[in-house]
Amino acid sequence: MSLHFQNQNSPADSPPADLQPAWSKRLADFATKLVRTSHWTWTDLLVIVGALGVATIFRFLFDPLLGYRTAHATYVIAVLIIAWARGLWPALLTGLIGSLLAAYLFLYPRYTLGLKNLDDQVTMALNFVVEAVATLLIVALRNAVRENAELYQRARLADIRKDEFLAMISHELRNPLVPIQNAVYILSQTYASDESSRTVRDLLERQVSNLIRLVDDLLDVSRITRGKIDLRKCPVELATIIDGAVESVYPAATEKKQTLSVNVPQRSIVLNADPLRLTQVFSNLLNNAVKYTKVGGNIWLSTEQQDNRITVRVRDDGIGIAAGSLDKIFELFEQAGDELTLRQGGLGIGLTIVDKLVELHDGTVEAHSPGLGLGSEFVVSLPVATSGLRLESSPVPHNKQTLSEDRSRRILVVDDNVASANSMALLLKYMKQTVHTSYNAFSALEAARSFRPDIVLADIGLPQMNGFEFARQLRLMPEFESTLLVAVTGYGQSGVAEAAKAAGFDRYLVKPVNPHELEQLIASAV
Ligand code: ADP
């Protein structure tokens with residue numbers, strides 16, 4: 001509570017001097033002056049009076065026990081509480097008044113402030129000094145605690161903003177990636193007669209997939225740090241996971257002429273894991289090994305089972321990691337820091353994702369390196385599934401379907417991002433599909449009636465009527481009961497997939513949709 005006071009005393013506010021006893025007038029003047037000349041508030045004064053009153057009552061209650069001794073006892077406690085709650089000056093004032101009250105009420109002879117006894121005078125002075133020192137210490141402690149709390153609050157806020165920013169930026173980056181990926185796919189399918197166009201095309205393809213990987217990592221890390229990642233665990237063979245990871249880094253390792261030696265046991269080792277997320281762990285580690293190992297270098301992946309745990313080692317003879325950086329590299333945005341590392345690109349989030357995903361699988365990951373230039377080793381330890389778990393026939397979808405030439409599907413593309421929508425239409429036309437494009441949900445609903453699509457690819461973040469509402473409206477029309485409705489969105493957040501399903505979507509894809517995945521989807525539509 002803070003009060004504002006006028007500079008001048010209004011005569012009407014105070015009772016005539018002769019009606020007030022002199023001491024109470026002086027006290028009132030002192031209180032008003034105190035409040036006016038400092039940052040004090042009336043609450044401070046009320047709290048002081050209250051604390052002194054309570055201290056006096058308790059001292060009277062304990063009087064039969066304490067008698068002449070420790071006259072100040074309860075006042076000291078009041079001073080310490082006021083120091084913590086109201087600060088230095090209110091505490092000192094409490095100490096001063098408390099000492100006077102203690103002397104007046106509880107020192108012998110009682111009800112006099114004579115203090116004739118030297119012992120009493122020394123006791124009172126010492127008591128006041130001790131209270132002042134204790135007050136200073138408590139106020140310093142209180143300030144430090146408040147400062148810490150404020151800093152913690154600010155850091156927490158900055159952390160929340162960072163997570164929101166990461167989620168937003170990864171979403172925003174997805175939209176421009178859609179047309180680029182689609183165009184690159186079309187280029188990659190067309191015949192290139194000369195060597196230089198083939199080189200440019202391959203370069204574009206590699207860089208776009210690097211960019212998509214970075215955006216995926218950004219989104220993943222923002223979801224992981226906010227605890228918004230759901231694992232879809234099922235019994236899965238370790239070999240399947242390793243195969244998937246090796247396959248994903250094979251082109252990059254071949255380009256750098258590196259030797260990749262993989263040693264996985266012949267017998268089946270089953271883990272209870274999310275196949276996609278665990279593949280991501282090993283492909284991140286292998287990808288780093290490729291990135292931080294020179295042209296012509298070596299990378300080894302080996303496994304070893306001990307009782308009910310499996311250890312997977314990813315080793316390389318690359319640039320190595322300095323001892324001082326080893327324990328930090330799993331932290332967000334942490335890069336081992338030398339110029340060579342930074343020249344390899346990256347954001348310093350891959351290992352954070354690895355660490356968190358392994359942890360979510362009840363495993364551990366460690367980094368080892370004998371030093372700079374001497375290679376690195378990452379060791380992942382995971383629990384093996386209990387024998388009761390049965391392996392499902394194919395945890396990672398393998399049933400590749402191809403587009404048949406004879407039947408072209410009618411596909412309605414709905415996206416307010418014109419470049420995204422147009423490039424998707426171009427890609428689908430290139431896949432020999434019949435396409436109609438709408439840039440908002442209203443025109444899409446109208447177009448659907450005449451175009452009669454077999455498949456609808458709809459963005460979620462549409463203006464005015466969003467994708468969920470659009471799907472609900474479409475499903476209300478009997479002719480679209482069995483149409484394949486696919487939500488396509490830049491938000492790879494948990495919860496959106498469930499909301500999309502509830503709105504009537506059959507599938508949910510994250511932008512930019514992989515063209516091969518799109519082919520599969522079209523082929524699966526009846
Ligand atoms: P990024 O590779 O994008 O920088 P990561 O989180 O994947 O981010 O890795 C963090 C840091 O750990 C890297 O910047 C690099 O300094 C170091 N690092 C990771 N893997 C290796 C490796 N195999 N060899 C040497 N250094 C590595």
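Whatever order the structure lists them in is the order used to number ligands and atoms, beginning at 1.
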For ligand 1, the portion of Ile349 having any non-hydrogen atom under 4.0 Å away
backbone
Any salt bridge (charged side-chain N to carboxylate O under 4.0 Å, His left out) involving residues 140-151? Give me the pairs, sequence neighbours left out, ordered by first then second residue.
Glu150-Arg154
Glu469/Arg472 salt bridge by N-O under 4.0 Å criterion
yes
Does any part of the side chain of Val384, heavy atoms only, come nearer than 4.5 Å to the side chain of Val270, both counted from C-beta?
no
Looking at Lys356 and Asp220, is any side-chain nitrogen of the basic one under 4.0 Å from a carboxylate oxygen of the acidic one?
no
Checking Asn422 against Tyr439 for the side-chain hydrogen bond (donor to acceptor under 3.5 Å, both in side chains) test, could you report, in this order, the C-alpha distance in whole Å, the side-chain angles of both residues, the deciding distance, and whether it holds?
CA-CA 10 Å; Asn422 289 353; Tyr439 304 122; 2.6 Å; yes
Among the heavy atoms of Gly318, does any lie under 4.0 Å from an atom of ligand 1?
no
Under 4.0 Å from any heavy atom of Gly320, which atoms of ligand 1 are there?
25 (C)
Salt-bridged, Arg156 to Asp159, with N to O below 4.0 Å?
no
Output a table of donor-acceptor pairs, distance under 3.5 Å, between side-chain atoms of residues 357-374 and any protein atom two or more places apart or on a different chain; print 'none' if there are none.
unit_1, atom_1, unit_2, atom_2, d
His361, ND1, Leu357, O, 2.9
His361, NE2, Asp274, N, 3.0
Glu366, OE1, His368, NE2, 3.2
Ser369, OG, Ile321, N, 3.0
Ser369, OG, Ile321, O, 3.3
Ser369, OG, Gly371, N, 3.2
Ser369, OG, Gly371, O, 3.4
Ser369, OG, Gly375, O, 2.7

Could you say whether the N/O atoms of Ile329 and ligand 1 ever approach to under 3.5 Å?
no
Phe378, portion touching ligand 1 at heavy-atom distance under 4.0 Å:
side chain
Which atoms of ligand 1 have any heavy atom of Ser376 under 4.0 Å away?
22 (C), 24 (N), 25 (C)
Taking distance alone, with N or O pairs closer than 3.5 Å, would you say Thr352 contacts ligand 1?
no
Quick check on contacts: which atoms of ligand 1 are under 4.0 angstrom from a heavy atom of Lys291?
1 (P), 2 (O), 3 (O)
Under 3.5 Å between any N/O of Ile319 and any N/O of ligand 1: does that happen in this structure?
no
Can you list the atoms of ligand 1 that are under 4.0 Å from a heavy atom of Gly348?
1 (P), 3 (O), 4 (O), 6 (O), 8 (O)
Parallel under 30°, tilted from 30 to 60°, perpendicular over 60°: which one fits the rings of His436 and Phe451?
tilted
For Leu351, the ligand 1 atoms whose distance to one of its heavy atoms is below 4.0 Å
5 (P), 6 (O), 7 (O), 9 (O), 10 (C), 12 (O), 19 (C)
